Amino acid sequence: MTEPRELVGDIVSDVDALMLFSPSSSYHERAAAVDGVELVVVAKENSVDAEQFVELPLEFDELTERVRFGIEGALDNGFVSDGDILACAARVFGDDIDTVSRVRADEDRHSGVYDLFVNSRADPAVIRDVLDVVIELGKKGQKGKPVGALFVVGDAGKVMNKSRPLSYNPFEKSHVHVGDPIVNVMLKEFSRLDGAFVISDAGKIVSAYRYLEASAEGVDIPKGLGTRHMAAGAVTRDTNAIAVVLSESDGLVRAFKGGELVLELDPEGF
Ligand SMILES: Nc1ncnc2c1ncn2[C@@H]1O[C@H](COP(=O)(O)OP(=O)(O)OP(=O)(O)O)[C@@H](O)[C@H]1O
Ligand SMILES: [Mn+2]
């Protein structure tokens with residue numbers, strides 16, 4: 001006779017670390033009493049006062065995305081090491097932890113998503129706000145039709161020097177910021193037109209309609225993506241900006257940093 005507990009117990013046997021995704025404080029307290037494993041909390045806020053904490057900039061509905069972000073954060077902070085076996089406990093269906101995955105921390109599969117948020121010039125909240133607008137735009141499109149968009153975020157002075165206007169800049173004399181609901185409506189409206197949006201480190205909309213002229217030399221993006229994605233890759237190699245792109249043709253949201261694709265997500269999953 002095997003009990004269920006013995007069978008599923010394999011998932012957590014001999015793990016090096018326990019990663020808790022948004023635990024309640026009572027759950028965290030019980031976990032803190034477990035011997036012989038590192039404990040890492042991954043959540044939007046460190047409401048449980050965990051010693052080893054990775055901040056989630058957005059909720060990542062997909063468990064795989066959430067876990068990947070948490071593991072990269074734990075690796076980058078030195079909480080876990082390459083090759084460690086992790087038990088990742090998360091909320092998926094209910095209000096407390098109900099799901100456990102056994103995952104190996106693998107430097108080779110490092111996508112760069114954590115680094116995108118934490119080590120970019122732009123404020124992480126600005127990057128999250130841009131992702132939010134782009135995801136919403138991807139979900140709804142522009143009047144029901146799929147639409148593409150390109151946002152270049154951070155290092156705006158240099159980005160402006162490496163680009164030129166395609167038309168008058170509707171944000172010329174305004175001091176508006178991404179994340180403001182009215183501004184988000186404007187951004188969606190202007191996304192019908194060509195070119196890129198340029199956003200400062202602090203989230204100010206510097207310009208719309210910019211044609212990016214950064215050199216694509218040495219930029220290696222996946223085959224099949226067109227000039228919008230190439231320009232996004234190129235500008236992030238030439239400057240310290242990151243770029244967030246919504247593809248009109250496949251509907252996916254992608255982020256680029258340092259000339260490379262670091263994040264790919266389907267807006268429908270959010
Ligand atoms: N250098 C650039 N700077 C700013 N915007 C650009 C640049 N190159 C292309 N774009 C924008 O990208 C749009 C789509 O171009 P294209 O179809 O080649 O890109 P893509 O990567 O295939 O994107 P999508 O997946 O949305 O079709 C253009 O209409 C233009 O608005
Ligand atoms: Mn295209």
Side-chain angles (χ1 to χ4, degrees), residues 111-113 116 120-122 126-127 130-172 178 183-201 203-270:
S111 73
V113 57
L116 173 75
S120 293
R121 278 198 32 157
V126 170
I127 299 175
V130 170
L131 272 174
D132 283 349
V133 185
V134 174
I135 286 168
E136 214 179 295
L137 196 57
K139 264 196 215 162
K140 296 201 183 124
Q142 180 54 248
K143 311 212 158 72
K145 280 204 194 117
V147 64
L150 166 50
F151 289 80
V152 186
V153 188
D155 207 4
K158 203 159 174 200
V159 172
M160 291 301 276
N161 285 334
K162 301 238 172 218
S163 60
R164 67 164 90 176
L166 290 167
S167 178
Y168 81 98
N169 174 17
F171 294 97
E172 176 84 63
V178 66
V183 176
N184 287 359
V185 171
M186 290 165 78
L187 291 176
K188 286 183 210 157
E189 201 53 44
F190 291 128
S191 64
R192 269 179 306 166
L193 298 140
D194 273 345
F197 292 100
V198 177
I199 295 174
S200 78
D201 294 336
K204 182 182 178 297
I205 320 285
V206 177
S207 185
Y209 302 133
R210 292 301 283 195
Y211 180 72
L212 305 173
E213 297 184 303
S215 157
E217 201 184 319
V219 175
D220 194 19
I221 64 165
K223 295 271 173 301
L225 298 176
T227 58
R228 194 195 315 268
H229 295 84
M230 188 59 90
V235 73
T236 68
R237 213 187 63 120
D238 256 18
T239 69
N240 289 313
I242 62 133
V244 180
V245 186
L246 171 63
S247 166
E248 187 177 345
S249 37
D250 68 13
L252 298 183
V253 173
R254 296 180 177 85
F256 295 84
K257 186 182 174 202
E260 283 174 30
L261 176 67
V262 293
L263 176 67
E264 184 173 276
L265 47 88
D266 186 346
E268 298 303 334
F270 284 78

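FYI, side chains are in, hydrogens and waters are out, and symmetry mates aren't considered; it's all heavy atoms of this structure. Whatever order the structure lists ligands and atoms in, that order sets their numbers, starting from 1. Since the model is a prediction, treat every value here as computed from it, not as a measurement. Along the sequence shown, residues carry numbers from 1.
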Would you say atom 17 (O) of ligand 1 touches the protein, meaning some protein heavy atom is under 4.0 Å from it? no
Just to confirm my output: which protein heavy-atom neighbour is closest to atom 12 (O) of ligand 1, and how far is it? R228 CB, 3.2 Å
Quick one: does N169's side chain have a donor or acceptor within less than 3.5 Å of a partner on V206's backbone? yes
Please determine if H229 has a nitrogen or oxygen closer than 3.5 Å to a nitrogen or oxygen of ligand 1. yes
Is the contact between R210 and ligand 1 made by the side chain, the backbone, both, or neither, using heavy atoms and a 4.0 Å cut-off? backbone
Of the listed options D194, L166, V235, closest to atom 30 (C) of ligand 1 (non-hydrogen atoms): D194
Would the distance check show the side chain of D201 and the main-chain N or O of D155 forming a donor-acceptor pair, the cut-off being under 3.5 Å? yes
Under 4.0 Å from atom 9 (C) of ligand 1, can you find at least one protein heavy atom? yes
Identify which one of V133, V134, L150 satisfies the side chain to side chain contact (heavy atoms under 4.5 Å, CB included) criterion when paired with L246. V134
Is the backbone of S247 close enough, under 3.5 Å, to the side chain of R228 for a donor and an acceptor to pair up by distance? no
Under 4.0 Å from a heavy atom of E248: which atoms of ligand 1 are those, numbered in the order shown and with their elements? 24 (P), 25 (O), 26 (O)
Please say whether G226 places an N or O atom under 3.5 Å from an N or O atom belonging to ligand 1. yes
Give the residue, atom name and distance (to 0.1 Å) of the protein heavy atom nearest atom 15 (O) of ligand 1. T227 OG1, 3.3 Å
Please list the nearest protein heavy atom to atom 3 (N) of ligand 1 with its residue and the distance rounded to 0.1 Å. L212 N, 2.9 Å
State whether the shortest distance between N or O atoms of L150 and N or O atoms of ligand 1 falls below 3.5 angstrom. no
Pairwise side-chain contact, L261 with P222, heavy-atom cut-off 4.5 Å (strictly under): yes
The reported gap from OH in Y168 to OH in Y209 (rounded to nearest 0.5 angstrom) is 5.0 Å
When you measure from the side chain of R121 to the backbone of N240, do you find a donor-acceptor pair of N or O atoms at a distance under 3.5 Å? no
What protein heavy atom sits nearest atom 25 (O) of ligand 1, and how far away is it? S247 OG, 2.5 Å
Heavy-atom nearest neighbour in the protein, as seen from atom 5 (N) of ligand 1, with distance rounded to 0.1 Å: G195 CA, 3.4 Å
Check: G154 main-chain N/O paired with S200 side-chain donor or acceptor under 3.5 Å: no
Atom pair CD1/CG of I205 and N184 - distance to nearest 0.5 Å: 7.5 Å
Identity and distance of the protein heavy atom lying nearest atom 24 (P) of ligand 1: S249 OG, 3.4 Å
What about A231: any of its N or O atoms under 3.5 Å from an N or O on ligand 1? no
Which of these, L212, D238, V152, sits in a side chain to side chain contact (heavy atoms under 4.5 Å, CB included) with K162? D238
